[in-house]
Colleague: 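Below: one structure in structure tokens.
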Amino acid sequence: MKKTRLKLKKNVWFALGGVLVVIIMIVIGVNVYRDYQYKQTNEYKLLEAGYTEEEIKLLEEKLTDEEVTTLAEAEKDEFLIQVLQDDYFIKSYLDRYMAYHQDNEGSSARTVVATVNTNTDYDYYTKDFDTNVEDDTLMLVNKYYHLDSSYSPTDLVNINNKYYYGEGHQIRSVVYDAFIDMWNEANNNGIYLIINSSYRTYAEQQQVYDSYKDSRGTTYADSIAARPGYSEHQTGLSLDIFSKENTTTSNFKGSPAHEWLVNNAYKYGFIQRYEEDTEELTGFAEEAWHWRYVGVEVATYLHEHNITFDEYYAYFILNG
Ligand SMILES: [Zn+2]
């Protein structure tokens with residue numbers, strides 16, 4: 001009896017030992033398998049490639065699963081991370097950002113995003129869109145967006161010759177009201193603003209452009225004037241502004257009136273449309289006298305952030 005019991009006990013221990021070994025093997029197996037599975041994930045591969053957890057979150061947030069999977073198989077793309085972190089990154093332009101970067105390797109992510117967002121990765125006048133006049137005071141006209149020859153604003157008013165030497169000049173009423181407020185405040189500060197150019201019809205712009213083109217050719221004309229349809233003056237939202245003391249394109253920049261406008265015009269909804277360092281993005285050399293009405297909210301945003309109206313339009317209006 002005693003012997004049998006002992007034998008039985010031995011068998012029980014043996015069986016238990018076997019079960020234990022099996023359990024240990026299963027646990028090890030499961031862990032090995034889990035580890036193998038984890039190593040197949042994008043997260044593991046991206047961490048191995050050198051991305052931080054925060055960067056991986058950014059990739060997953062801004063890109064499709066398929067795009068993340070492709071990235072996980074490649075080396076870390078530092079430039080891509082910088083582009084995704086840019087304040088004005090637009091997802092649908094990603095391929096163009098990467099293509100522009102490839103052709104212009106020294107360019108910063110900021111430059112690449114700004115360039116593509118303003119379409120200046122294409123030559124002027126080679127990519128053409130109709131201006132959406134429904135955007136009203138925020139409509140975009142540049143060397144990629146143009147107005148039809150038949151477009152003219154419906155709320156044009158005559159400008160009093162107190163503000164413009166000469167008769168018959170017009171501007172949109174919303175702009176005129178804002179200008180008068182601005183004129184009065186400038187006047188309170190000893191500055192006498194004078195408008196030198198306002199609403200221009202398509203035909204008038206054609207005349208301006210053709211006169212340059214006929215005398216010195218297309219390249220020269222393009223460097224100095226917008227082609228008909230591509231001038232902001234046709235919107236009725238732009239004014240060329242000088243002062244009583246500084247009346248020419250060569251002496252207005254940096255004058256007291258210009259300085260005053262730089263610091264105050266946004267409060268009335270105006271922006272200097274073509275600035276010193278934005279020629280690459282706007283397509284126009286600096287024009288200290290060309291002021292565009294965009295309304296107080298947008299003008300204030302642009303005054304506080306270092307971007308052009310063209311970029312604002314791409315990010316907030318077209319893709320907003
Ligand atoms: Zn102008």
Colleague: Go through the steps for E204 and H233 under the test side-chain hydrogen bond (donor to acceptor under 3.5 Å, both in side chains), then give the verdict.
Modeller: CA-CA 10 Å; E204 283 166 339; H233 284 282; over 6 Å; no

Colleague: Quick check: does any side chain N or O of N189 sit under 3.5 Å from a backbone N or O of E185, one acting as donor and the other as acceptor?
Modeller: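 It does hold such a pair.
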
Colleague: Is a side-chain donor or acceptor of S198 paired with a backbone partner of H169 at a separation under 3.5 angstrom?
Modeller: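 Judged by distance alone, no pair lies under 3.5 Å.
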
Colleague: Return yes when atom CD of E276 has more than 12 non-hydrogen atoms of other residues, nucleotides or ligands closer than 6.0 Å, and no otherwise.
Modeller: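 Not buried by this count: 12 neighbours or fewer within 6.0 Å.
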
Colleague: What heavy-atom pair brings T218 and Y209 nearest, and what distance separates the two atoms?
Modeller: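 In this case the closest contact between T218 and Y209 is CG2-OH, 3.6 Å.
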
Colleague: Determine whether F179 and I171 make a side-chain contact, defined as any pair of heavy atoms from C-beta on separated by less than 4.5 Å.
Modeller: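 No - every pair of side-chain heavy atoms lies 4.5 Å or more apart.
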
Colleague: Do R227 and Y230 meet the cation-pi criteria used here (NZ or CZ under 6.0 Å from the six-membered ring centre, within 45° of the axis)?
Modeller: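 The answer is no, since R227 fails at least one limit relative to Y230.
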
Colleague: Going by salt bridge (Lys or Arg N to Asp or Glu O under 4.0 Å), name the pairs with one or both residues in residues 136-151, residues two or more places apart or in two chains.
Modeller: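 Applying salt bridge (Lys or Arg N to Asp or Glu O under 4.0 Å) to every pair that reaches into residues 136-151, excluding sequence neighbours, yields D136-R172.
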
Colleague: Roughly how far, to the nearest 0.5 Å, is the CD1 atom of I241 from the CD atom of Q272?
Modeller: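 Separation between the atoms: 10.5 Å.
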
Colleague: Kindly determine whether H146 and Q234 satisfy side-chain hydrogen bond (donor to acceptor under 3.5 Å, both in side chains), including the steps that lead there.
Modeller: CA-CA 10 Å; H146 75 277; Q234 197 188 337; over 6 Å; no

Colleague: Would M182 end up clustered with Y199 when hydrophobic side chains under 4.5 Å apart are linked, directly or stepwise?
Modeller: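 No, separate clusters.
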
Colleague: Looking at A226, is its backbone amide N or carbonyl O close enough to the side chain of Q205 to form a donor-acceptor pair, meaning the two atoms are under 3.5 Å apart?
Modeller: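 Between the backbone of A226 and the side chain of Q205 there is a qualifying donor-acceptor contact (under 3.5 Å).
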
Colleague: Atom CG of L281 and atom OG1 of T111: how far apart are they, to the nearest 0.5 Å?
Modeller: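 These two atoms lie 8.0 Å from each other.
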
Colleague: Parallel, tilted or perpendicular: which one describes the rings of Y220 and Y212, with boundaries at 30° and 60°?
Modeller: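 Aromatic pair Y220/Y212 classed perpendicular.
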
Colleague: Would E67 and K91 count as a salt bridge (charged side-chain N to carboxylate O under 4.0 Å, His left out) if you check the C-alpha gap in whole Å, the side-chain angles of each, and the deciding distance to 0.1 Å?
Modeller: CA-CA 12 Å; E67 286 166 336; K91 175 65 173 66; 3.3 Å; yes

Colleague: So, do L80 and L71 sit near enough that their side-chain heavy atoms are less than 4.5 Å apart?
Modeller: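 Yes. Closest side-chain heavy atoms under 4.5 Å.
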
Colleague: Given side chains that start at C-beta, do those of H101 and N104 come closer than 4.5 Å, heavy atoms only?
Modeller: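 Side-chain contact under 4.5 Å: no.
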
Colleague: Test your reading of the model: is there a side-chain donor-acceptor pair from N246 to the backbone of F242, 3.5 Å cut-off?
Modeller: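 No; zero donor-acceptor contacts below 3.5 Å.
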
Colleague: Is the centre of the Y301 ring less than 6.0 Å from the centre of the F316 ring?
Modeller: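 Here the rings of F316 and Y301 have centres that are less than 6.0 Å from each other.
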
Colleague: Let me confirm one number: the CG-OG1 distance from N196 to T249, rounded to the nearest 0.5 Å.
Modeller: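 Going from the CG atom of N196 to the OG1 atom of T249 covers 9.0 Å.
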
Colleague: Could you tell me which non-hydrogen atom of V112 sits nearest to which non-hydrogen atom of S107, and how far apart they are?
Modeller: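 For V112 and S107, the tightest heavy-atom pair comes out as CG2-CB, 3.8 Å.
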
Colleague: Closest heavy-atom contact between L318 and Y93?
Modeller: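 Of all heavy-atom pairs spanning L318 and Y93, the closest is CD2-OH, 3.9 Å.
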
Colleague: Are the side chain of N142 and the backbone of T282 linked by a donor-acceptor contact shorter than 3.5 Å?
Modeller: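 Looks like no, no N/O pair under 3.5 Å.
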
Colleague: Find out whether the Lys NZ or Arg CZ of K76 is both under 6.0 angstrom from the six-membered ring centre of Y51 and within 45° of the ring's axis.
Modeller: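 Yes, K76 and Y51 form such a contact.
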
Colleague: Give a yes or no on this: more than 12 heavy atoms of other residues, nucleotides or ligands lie within 6.0 Å of atom NZ of K57.
Modeller: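 No, NZ of K57 has 12 or fewer neighbouring heavy atoms, counting only those of other groups under 6.0 Å.
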
Colleague: So, E43 and K45, do they make that salt bridge, N to O below 4.0 Å?
Modeller: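 Not counted as a salt bridge, because no side-chain N and carboxylate O are separated by less than 4.0 Å.
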
Colleague: Tell me whether N319 contacts the main-chain N or O of Y315 through its side chain, where contact means a donor paired with an acceptor under 3.5 Å.
Modeller: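 No.
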
Colleague: Give the C-alpha distance, both sets of side-chain angles, the deciding distance and a yes or no for side-chain contact (heavy atoms from CB on, under 4.5 Å) between Y97 and D121.
Modeller: CA-CA 9 Å; Y97 296 142; D121 51 333; over 6 Å; no

Colleague: Locate the shortest heavy-atom distance separating Y38 from L47; write the atom from each residue and the value.
Modeller: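 What the structure gives for the nearest pair is OH-CD1, 3.7 Å.
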
Colleague: Report the distance from atom OH of Y144 to atom CG of D128, rounding to the nearest 0.5 Å.
Modeller: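 Those atoms lie 10.5 Å apart.
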
Colleague: Mind checking the CZ-CD1 spacing from F309 to I317? Nearest 0.5 Å is all I need.
Modeller: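 One finds 5.0 Å between CZ of F309 and CD1 of I317.
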
Colleague: Do the side chains of V133 and V294 join up, straight or via other hydrophobic residues, at under 4.5 Å, putting them in one cluster?
Modeller: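 They do not share one cluster, since no chain of ILVMFWY contacts under 4.5 Å joins V133 to V294.
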
Colleague: Any donor-acceptor pair under 3.5 Å linking the side chain of T120 with the backbone of V116?
Modeller: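 No: the side chain of T120 does not pair with the backbone of V116.
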
Colleague: Checking one residue: I24. Which other hydrophobic residues are in its cluster under the side-chain 4.5 Å linking rule?
Modeller: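 Besides I24, the cluster holds L20, I28, V32.
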
Colleague: Is the shortest heavy-atom distance from the side chain of V296 to the side chain of Y266 under 4.5 Å?
Modeller: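 When only atoms from C-beta onward are counted, Y266 and V296 do not touch, as no gap falls below 4.5 Å.
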
Colleague: Can you tell whether the side chains of E48 and K39 come within less than 4.0 Å, N to carboxylate O?
Modeller: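 Salt bridge flag = no for K39 with E48.
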
Colleague: Between N251 (side chain) and T248 (backbone), is there a donor-acceptor pair under 3.5 Å?
Modeller: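 Between the backbone of T248 and the side chain of N251 there is a qualifying donor-acceptor contact (under 3.5 Å).
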
Colleague: Using the rule that Ile, Leu, Val, Met, Phe, Trp and Tyr join whenever any side-chain heavy atoms are under 4.5 Å apart, tell me whether Y313 and I271 fall into a single cluster.
Modeller: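 Hydrophobic grouping puts Y313 with I271.
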
Colleague: Taking it one step at a time, do L140 and D135 satisfy side-chain contact (heavy atoms from CB on, under 4.5 Å)?
Modeller: CA-CA 8 Å; L140 181 65; D135 292 326; over 6 Å; no

Colleague: Using a strict cut-off of less than 4.0 Å between a Lys/Arg side-chain nitrogen and an Asp/Glu carboxylate oxygen, indicate whether E297 and K267 qualify as a salt bridge.
Modeller: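 K267 and E297: not salt-bridged.
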
Colleague: Is there a donor-acceptor pair under 3.5 Å between the side chain of D35 and the backbone N or O of N31?
Modeller: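 Pair absent, no side-chain N/O of D35 close to backbone of N31.
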
Colleague: Using a 4.5 Å cut-off on heavy atoms from C-beta on, say whether the side chain of Y192 contacts that of N187.
Modeller: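 Side-chain contact under 4.5 Å: yes.
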
Colleague: Ignoring hydrogens and geometry, is there a side-chain-to-backbone donor-acceptor pair from H303 to A299 under 3.5 Å?
Modeller: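 Not a single qualifying donor-acceptor pair exists.
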
Colleague: Quick check: is V113 connected to L302 through a chain of hydrophobic side chains (ILVMFWY, heavy atoms under 4.5 Å apart)?
Modeller: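 Cluster IDs for L302 and V113 match.
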
Colleague: Any side-chain heavy atom of N119 within less than 4.5 Å of one from Y145?
Modeller: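 Side chain of N119 against side chain of Y145, heavy atoms only: contact under 4.5 Å found.
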
Colleague: Please find the pair of heavy atoms, one from S243 and one from I194, that lie closest to each other, and give the distance.
Modeller: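 Closest pair (atom of S243, atom of I194, distance): C-CD1, 3.8 Å.
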
Colleague: Please examine the side chains of Y163 and W183, heavy atoms only from C-beta on, and report whether any two atoms are closer than 4.5 Å.
Modeller: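 When only atoms from C-beta onward are counted, Y163 and W183 do touch, with a gap below 4.5 Å.
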
Colleague: Does a side-chain N-to-carboxylate-O contact under 4.0 Å join D310 and R273?
Modeller: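 R273 and D310: salt-bridged.
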
Colleague: Got more than 12 heavy atoms from elsewhere within 6.0 Å of CD, Q85?
Modeller: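 Yes.
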
Colleague: Under the salt bridge (charged side-chain N to carboxylate O under 4.0 Å, His left out) rule, what do K162 and E167 come out as? Steps first, then yes or no, please.
Modeller: CA-CA 10 Å; K162 175 180 177 182; E167 301 288 340; over 6 Å; no

Colleague: Within a reach of under 6.0 Å around CG of D65, are more than 12 heavy atoms found that belong to other residues, nucleotides or ligands?
Modeller: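 Counting neighbours around CG of D65, 12 or fewer heavy atoms of other residues, nucleotides or ligands fall under 6.0 Å, so no.
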
Colleague: Work out which heavy atom in Y164 is nearest to a heavy atom in S197; give both atom names and the distance.
Modeller: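 Smallest interatomic distance, heavy atoms only, reads OH-CA, 3.4 Å.
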
Colleague: Quick one: does Y293's side chain get under 4.5 Å of S238's, heavy atoms only?
Modeller: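 Side-chain contact under 4.5 Å: no.
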
Colleague: Following the transitive rule for hydrophobic clusters with a side-chain heavy-atom cut-off under 4.5 Å over Ile, Leu, Val, Met, Phe, Trp and Tyr, establish whether I191 and W289 coincide in one cluster.
Modeller: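 As far as the 4.5 Å side-chain criterion goes, W289 and I191 are connected within one cluster.
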
Colleague: Run the side-chain hydrogen bond (donor to acceptor under 3.5 Å, both in side chains) check on T219 and D222 step by step: do they pass?
Modeller: CA-CA 5 Å; T219 307; D222 280 339; over 6 Å; no

Colleague: Are there over 12 heavy-atom neighbours, none belonging to N132, within less than 6.0 Å of that residue's CG?
Modeller: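 For N132, atom CG is crowded (more than 12 foreign heavy atoms under 6.0 Å).
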
Colleague: Looking at CD1 of I81 and CZ of F79, how far apart are the two atoms once the value is rounded to the nearest 0.5 Å?
Modeller: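 Here the rounded value is 11.5 Å.
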
